[in-house]
Every structure is written in C-alpha cells, then in structure tokens.
S.K.: 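Structure incoming, see below.
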Amino acid sequence: MEKLVTTKQELVERVRSAEGSIGLVMTMGALHEGHRRLVDAARAECETVVVSIYVNPLQFAPGEDFDAYPRDLEKDLAMLEDVDIVFAPSDEEMYGRAPLVTINPGEVATRYEGRTRPTHFAGVLQVVAKVLNLVRPDRAYFGRKDAQQLALVTTMVADLDMGVEIVGVPIVRDTDGLALSSRNAYLSPEERTAALALVRALTSAREAAAGGPEAAQKALTESLEAADGVDVDYATIVDAGTFLGVSSNARSGLAIVAARVGATRLIDNMEVSFG
Ligand code: AMP
C-alpha cells in the first residue's frame with residue numbers, strides 16, 4: 001500500500017483500519033538520526049508507525065525561518081522505509097483556514113523559548129492536538145532535545161485528557177557532542193565549531209552539579225561567558241517536568257540553554273543530578 005498520505009481523510013481511514021497499537025512521530029522533515037531514534041522507539045513498541053512531516057506555519061513568527069526551513073520529502077521518505085504511514089499534508093489541507101479555536105499553552109509557555117518566541121508553543125500545541133486527534137495513537141514520541149515542548153505536550157495531554165502516552169526519547173548527538181538538529185544545516189564550519197560551546201557548558205554544569213543547583217548554574221554561566229561566537233539567550237537550571245525553578249532540596253534538574261550562533265538559534269539541554 002502507498003506509504004505517503006497527503007489528506008486527513010485518507011490518514012483517518014488508514015489508521016482506523018490498522019490493527020494493534022499505533023505509534024506517532026511528528027516531525028518537520030529534514031530528517032536526521034535524532035528523528036530516526038524516535039521512529040526506532042515507535043517501531044520497537046507499536047504495530048503501526050505513523051510519521052508526520054509538516055513544517056507548521058503557526059509555530060513560526062514573522063521574520064523566523066519558515067521559508068528557509070529545509071524541505072526534502074524524497075530524502076525523508078528514503079529514511080522511513082520501515083514506517084507504515086507518512087502523513088505530509090499541504091497547509092491548505094492541514095488548516096483550511098486560520099483556526100478560530102486555539103489552545104492556550106499557559107504560563108510555562110511564556111518562559112525560556114516562549115519569551116523569545118511568544119507565539120511558538122501555541123502553534124506547536126495546535127498542530128500536535130490536531131494530529132493526535134486525527135491519528136489517535138496509543139503512544140506519541142517526542143525528543144528530549146525540545147524539552148520545553150515535551151513538557152508542554154505532556155501537560156496538554158494530561159489537562160485535556162487526551163488519552164495518549166507521551167514518550168520522551170533521549171537526545172541524539174553528533175560524534176563531537178553537538179545535538180543533531182535540522183537547523184545545524186545553516187551553520188558555517190566556523191559557526192559549527194563555536195556551537196560546541198552549548199554542549200560544553202551543559203557538560204560542565206552536569207559535572208559541577210554534585211555541589212548543588214547553584215554550583216551547576218555557576219558552571220553553566222561561566223562556561224558560556226568564556227565562549228566565543230555565541231550570543232546566549234538563556235542558560236539556567238529548571239525542573240524538567242514543570243520548567244519552573246528547582247527547589248533547594250531537588251535531587252535532579254535540567255540544564256537548558258539557547259543561543260544564537262551567527263544567524264542560527266540553537267537549543268540544547270542536559271539532565272543534572274545534585275549531590
Ligand atoms: P522537528 O522536526 O525539529 O520538529 O523535530 C521532530 C521531533 O524530533 C521532536 O520531537 C524533536 O524533539 C525530535 N528531535 C529533533 N532532534 C532530535 C535529537 N537530536 N535527538 C532526539 N530527538 C530529536
């Protein structure tokens with residue numbers, strides 16, 4: 001059967017007639033090994049695996065990289081041979097018109113990524129809710145690379161009783177430690193070297209974390225201050241579930257960082273254990 005599906009109606013028909021458990025992986029395409037890890041996790045646990053490929057205009061603000069975002073459906077399909085259904089709709093098919101009823105992602109979406117990108121998470125949750133409603137998977141797989149997104153999707157599913165298990169998949173990194181991202185394609189060789197400051201800072205936070213949250217924060221800040229070619233947006237330690245600050249008696253937290261390297265905005269994070 002044809003793997004590629006471009007209409008919602010065909011997607012719904014195909015998933016409703018599928019037998020056994022359904023796993024969903026949502027992507028914006030330009031697939032790399034990070035996306036593949038999500039597909040592998042779904043493939044290992046579910047009988048039917050659905051991957052969506054959609055560059056969602058609602059989660060980009062004017063002036064962001066919606067137009068420049070890399071798109072190569074043929075190449076993506078070649079990485080998805082073991083997937084049952086690939087859903088790649090047009091904007092017209094996905095939205096028809098601008099939505100009148102929207103999801104309010106709440107206060108957590110105004111922090112960190114949401115401070116720099118105020119409309120981002122509302123756009124993300126709108127499309128995630130739509131695709132979850134179309135596919136009605138048993139499990140949906142999200143990368144820990146986008147940790148705030150994972151926290152918000154998990155919260156939305158709980159608060160709206162959406163009845164799907166959200167599975168967080170560990171970050172896949174290049175051999176030098178840089179977290180894989182479709183946006184790494186924008187980096188010049190010099191910028192790519194500079195970008196390693198993010199993982200270096202997170203690693204030093206993790207190493208210092210035995211001394212507690214403040215020691216981890218200090219190491220994170222100092223490492224980034226010493227780095228060249230990175231314009232830091234935020235670098236801090238939060239609770240991984242809530243994205244609120246860590247309490248003084250917390251046993252673990254998440255070091256998160258966002259920075260501009262040249263014109264490219266990168267994010268990364270690492271779990272840290274205290275004392
Ligand atoms: P994107 O195509 O960037 O929207 O990402 C689609 C999904 O892949 C999201 O759940 C991301 O968190 C996940 N993802 C992207 N890069 C990585 C990575 N390096 N490691 C793990 N998951 C990733």
Side-chain angles (χ1 to χ4, degrees), residues 3-8 11 23-42 49-80 83 85-95 98-99 103 105 109 113-114 116-135 137 140-153 156 166-169 171-174 178-187 258 263-269:
K3 185 191 305 277
L4 181 62
V5 169
T6 57
T7 67
K8 293 187 209 175
L11 175 65
L24 171 67
V25 176
M26 295 186 61
T27 81
M28 299 204 298
L31 301 183
H32 51 64
E33 282 305 312
H35 299 110
R36 240 341 286 190
R37 194 68 58 90
L38 271 61
V39 174
D40 290 344
V49 175
V50 181
V51 174
S52 66
I53 297 179
Y54 182 60
V55 185
N56 172 34
L58 284 197
Q59 69 190 67
F60 290 79
E64 290 187 349
D65 58 344
F66 176 73
D67 290 329
Y69 200 84
R71 293 164 171 89
D72 190 340
L73 185 57
E74 286 306 310
K75 202 168 155 214
D76 290 344
L77 285 170
M79 283 185 70
L80 300 174
V83 165
I85 300 169
V86 176
F87 178 52
S90 65
D91 291 338
E92 175 64 21
E93 177 68 17
M94 184 61 97
Y95 289 109
I103 290 181
E113 282 308 282
T116 303
R117 310 180 72 191
T119 59
H120 175 65
F121 287 119
V124 169
L125 294 191
Q126 192 81 17
V127 81
V128 169
K130 284 167 77 72
V131 178
L132 286 176
N133 285 338
L134 289 164
V135 176
Y141 297 80
F142 290 85
R144 296 193 184 280
K145 160 84 172 20
D146 298 280
Q148 196 175 359
Q149 167 176 288
L150 173 61
L152 284 164
V153 168
M156 172 180 75
I166 301 299
V167 182
V169 178
I171 299 176
V172 178
R173 299 180 178 280
D174 216 329
L178 186 69
L180 295 186
S181 164
S182 305
R183 289 191 169 99
N184 291 350
Y186 301 149
L187 299 171
T264 306
R265 191 163 178 286
L266 298 175
I267 61 172
D268 198 354
N269 67 82

S.K.: Can you name the ring-ring contact (aromatic ring centres under 6.0 Å, His included) partners of His120, sequence neighbours left out?
M.R.: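 Applying ring-ring contact (aromatic ring centres under 6.0 Å, His included) to His120 gives none.
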S.K.: Can you tell me if Lys8 uses its side chain to pair, donor with acceptor, with the backbone of Leu134 under 3.5 Å?
M.R.: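 Judged by distance alone, no pair lies under 3.5 Å.
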S.K.: Output, in order, the C-alpha distance, side-chain angles, deciding distance and verdict of side-chain contact (heavy atoms from CB on, under 4.5 Å) for Leu266 and Leu187.
M.R.: CA-CA 10 Å; Leu266 298 175; Leu187 299 171; 4.2 Å; yes
S.K.: Please identify each residue that fulfils salt bridge (Lys or Arg N to Asp or Glu O under 4.0 Å) with Asp174, with sequence neighbours left out.
M.R.: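 Listed in chain order: Arg192.
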S.K.: May I ask you to test the Gln126-Pro99 pair for a side-chain heavy-atom distance under 4.5 Å?
M.R.: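 Yes; the side chains approach each other to less than 4.5 Å.
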S.K.: Please enumerate all residues that pass side-chain contact (heavy atoms from CB on, under 4.5 Å) together with Ala151, with sequence neighbours excluded.
M.R.: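 By the side-chain contact (heavy atoms from CB on, under 4.5 Å) rule, Ala151 matches Phe243.
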S.K.: Applying side chain to side chain donor-acceptor pair (under 3.5 Å), name anything that partners Gln148, two or more places apart in sequence or on another chain.
M.R.: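 Partners of Gln148 by the side chain to side chain donor-acceptor pair (under 3.5 Å) criterion come out as none, since no residue qualifies.
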S.K.: According to side-chain contact (heavy atoms from CB on, under 4.5 Å), who are the partners of Val172, at least two apart in sequence or on a separate chain?
M.R.: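 Testing Val172 for side-chain contact (heavy atoms from CB on, under 4.5 Å), a comparison that skips the adjacent residues, returns Glu33, Arg37, Leu180.
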S.K.: With distance as the sole test, does Thr6 use its side chain to make a donor-acceptor pair with the main-chain N or O of Pro89 at under 3.5 Å?
M.R.: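 No; zero donor-acceptor contacts below 3.5 Å.
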S.K.: Of all residues at least two apart in sequence or in a different chain, which pass the side chain to side chain donor-acceptor pair (under 3.5 Å) check with Thr116?
M.R.: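 Per chain and number, Thr116 pairs via side chain to side chain donor-acceptor pair (under 3.5 Å) with Asp233.
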S.K.: Could you tell me if the side chain of Leu125 sits less than 4.5 Å from the side chain of Val153, heavy atoms only?
M.R.: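 Heavy-atom side-chain distance check passes, below 4.5 Å.
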S.K.: Excluding sequence neighbours, so at least two apart, what forms side-chain contact (heavy atoms from CB on, under 4.5 Å) with Asp40?
M.R.: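 For Asp40, the residues satisfying side-chain contact (heavy atoms from CB on, under 4.5 Å) (neighbours in sequence not counted) are Arg36.
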S.K.: Got Val131 and Met94 here, is their nearest side-chain heavy-atom distance under 4.5 Å?
M.R.: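 The answer is yes; the side chains approach within 4.5 Å.
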S.K.: Please list, chain by chain and in numerical order, all residues satisfying side-chain contact (heavy atoms from CB on, under 4.5 Å) with Asp146, sequence neighbours excluded.
M.R.: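 Per chain and number, Asp146 pairs via side-chain contact (heavy atoms from CB on, under 4.5 Å) with Gln149, Ile267.
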S.K.: For the backbone of Leu77 and the side chain of Lys3, can you confirm whether one donor and one acceptor N or O come within less than 3.5 Å of each other?
M.R.: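 Not at all, since once roles are kept as given, no pair shorter than 3.5 Å links the two residues.
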S.K.: The criterion is salt bridge (Lys or Arg N to Asp or Glu O under 4.0 Å); which residues satisfy it with Arg144, sequence neighbours excluded?
M.R.: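 Salt bridge (Lys or Arg N to Asp or Glu O under 4.0 Å) check on Arg144 returns nothing, list empty.
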S.K.: Just jot down the side chain to side chain donor-acceptor pair (under 3.5 Å) partners of Asp268, sequence neighbours excluded, or say none.
M.R.: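 Applying side chain to side chain donor-acceptor pair (under 3.5 Å) to Asp268 gives Arg173.
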S.K.: Show which side-chain atoms of residues 57-66 pair as donor or acceptor with protein atoms under 3.5 Å away, not counting sequence neighbours.
M.R.:
residue: Gln59; atom: OE1; partner: Asn56; partner atom: ND2; Å: 2.9
residue: Glu64; atom: OE1; partner: Ala61; partner atom: N; Å: 3.1
residue: Glu64; atom: OE1; partner: Arg117; partner atom: NE; Å: 3.4
residue: Glu64; atom: OE1; partner: Arg117; partner atom: NH2; Å: 2.7
residue: Glu64; atom: OE2; partner: Arg117; partner atom: NE; Å: 3.0
residue: Asp65; atom: OD1; partner: Arg183; partner atom: NH2; Å: 3.1
residue: Asp65; atom: OD2; partner: Arg183; partner atom: NE; Å: 2.8
residue: Asp65; atom: OD2; partner: Tyr186; partner atom: OH; Å: 2.8

